[in-house]
Engineer: 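Handing you a structure now.
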Amino acid sequence: MQKNHGQTRGRRFWLIKSEPGCFSWAEQCRNVVEPWTGVRNYQARNNLRAMAAGDLALFYHSVTEKRIMGVVEVVRTAYPDPTFSATPQGAKPARAGAANPWSCVDVKAAGGFSHPVTLGQIKQDPALAEMTLLKQSRLSVAPLRGEEFSHIVRLGDWSGLQGEGQGGPEKLISGISETGEE
DNA sequence: GCCAACGTTGGC
DNA sequence: GCCAACGTTGGC
């Protein structure tokens with residue numbers, strides 16, 4: 001067993017955002033494992049770097065849909081974002097030899113919601129009032145409390161982690177430390 | 001399409 | 001180090 005960093009054992013929870021026109025939940029499900037690249041914000045990058053294998057993240061469709069589609073599991077921790085050298089939209093000179101400051105992780109589809117949870121639902125739910133999604137709407141990789149995660153996957157009727165068998169979601173949810181770890 | 005929030009850049 | 005200008009994100 002890994003006894004990593006002396007953390008309260010168990011996974012942590014995140015919310016990651018994508019514009020469906022750019023990369024969608026359907027594509028995530030088709031590809032299964034996907035490198036989560038292109039994050040160009042330091043706070044979001046630091047959140048990527050804080051992820052551990054086995055952590056779970058809600059997959060949010062921003063802009064056009066504004067709803068949470070399902071769950072992904074972190075299967076590879078942070079490594080240099082290979083899309084850095086591509087230098088999109090002439091943003092950075094990225095001269096040869098410049099260090100790559102950006103990171104990505106690999107995430108794996110881990111079950112969709114039969115009822116995607118909308119931003120409207122989240123906004124009117126008192127249990128979710130403190131979500132980073134609401135407080136920092138522009139942050140594309142945000143931490144999530146265990147209670148928020150379990151609440152949302154119940155709302156969405158999560159189909160659970162693949163391969164965890166019957167009662168997967170409830171089993172997982174019950175295993176979630178409801179005591180926040182800030 | 002507009003606008004608020006927020007991050008980045010560059011002049012001083 | 002401050003701040004104005006500008007760009008981007010994302011909700012409405």
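So you know, we letter chains A, B, ... as the sequences are listed, proteins then strands, and number each from 1.
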Engineer: In terms of side-chain geometry, is the basic nitrogen of Asp81(A) or Arg45(A) positioned less than 4.0 Å from the acidic oxygen of its partner?
Structural biologist: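 No, Asp81(A) and Arg45(A) are not salt-bridged.
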Engineer: Within a strict 4.5 Å, meaning less than it, do heavy atoms of the Asp106(A) and Thr77(A) side chains meet?
Structural biologist: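 Not in contact.
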Engineer: Does the side chain of Trp14(A) come under 3.5 Å of the side chain of Asp55(A) through a donor N or O and an acceptor N or O?
Structural biologist: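 The criterion, which ignores hydrogens and geometry beyond distance, is satisfied for Asp55(A) and Trp14(A).
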Engineer: Enumerate the residues from residues 63-71 of chain A whose closest heavy atom to DNA chain C is under 4.0 Å, giving them by residue number; use none for an empty result.
Structural biologist: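 DNA chain C contact set from residues 63-71 of chain A: Val63(A), Lys66(A).
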Engineer: Indicate whether the side chain of Asn31(A) and that of Glu34(A) have a donor and an acceptor atom separated by less than 3.5 Å.
Structural biologist: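 Yes, because at least one side-chain N or O of Asn31(A) sits under 3.5 Å from a partner of the opposite role on Glu34(A).
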Engineer: Measure CZ/Arg40(A) against P/dG7(B) and give the value in whole Å, please.
Structural biologist: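 Distance check: Arg40(A) CZ to dG7(B) P gives 17 Å.
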Engineer: Measure the distance from CD on Glu19(A) to P on dG10(C) and round it to the nearest whole Å.
Structural biologist: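 For the pair Glu19(A) CD and dG10(C) P, the rounded distance is 6 Å.
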Engineer: Is a side-chain donor-acceptor pair under 3.5 Å present for Thr83(A) with Arg40(A)?
Structural biologist: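 Yes, side-chain donor-acceptor contact under 3.5 Å.
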Engineer: In residues 130-143 of chain A, which residues come under 4.0 Å of DNA chain C by heavy atom?
Structural biologist: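 Nucleic-acid contacts, sorted: Ser137(A), Arg138(A).
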Engineer: For Tyr42(A) and dT9(B), give me the distance from atom OH to atom C1', rounded to whole Å.
Structural biologist: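 Between C1' of dT9(B) and OH of Tyr42(A): 13 Å.
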Engineer: Please report, rounded to the nearest Å, how far the C1' atom of dG11(C) is from the CD atom of Gln124(A).
Structural biologist: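 Those two atoms, CD and C1', are 16 Å apart.
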Engineer: Can you tell me the distance, in whole Å, between the CG atom of Leu15(A) and the C1' atom of dT9(C)?
Structural biologist: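 Rounding to the nearest Å, CG of Leu15(A) and C1' of dT9(C) are 15 Å apart.
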Engineer: Do Arg67(A) and Glu65(A) meet the salt-bridge criterion of a basic N to acidic O distance under 4.0 Å?
Structural biologist: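 Answer for the salt bridge query: yes.
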Engineer: Could Arg145(A) and Phe149(A) be counted as a cation-pi pair, given that NZ or CZ must be under 6.0 Å from the ring centre and within 45° of the axis?
Structural biologist: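 Not flagged: Arg145(A) not positioned over aromatic ring of Phe149(A).
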Engineer: Do the side-chain N or O atoms of Tyr60(A) get closer than 4.0 angstrom to the phosphate oxygens (OP1, OP2) of dT9(C)?
Structural biologist: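 No, Tyr60(A) has no side-chain N/O under 4.0 Å of OP1/OP2 on dT9(C).
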Engineer: Listed by chain and number, what are the side chain to side chain contact (heavy atoms under 4.5 Å, CB included) partners of Ser24(A), not counting sequence neighbours?
Structural biologist: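 In terms of side chain to side chain contact (heavy atoms under 4.5 Å, CB included), with neighbours along the sequence ignored, Ser24(A) is linked to Pro20(A), Ala26(A), Glu27(A), His61(A).
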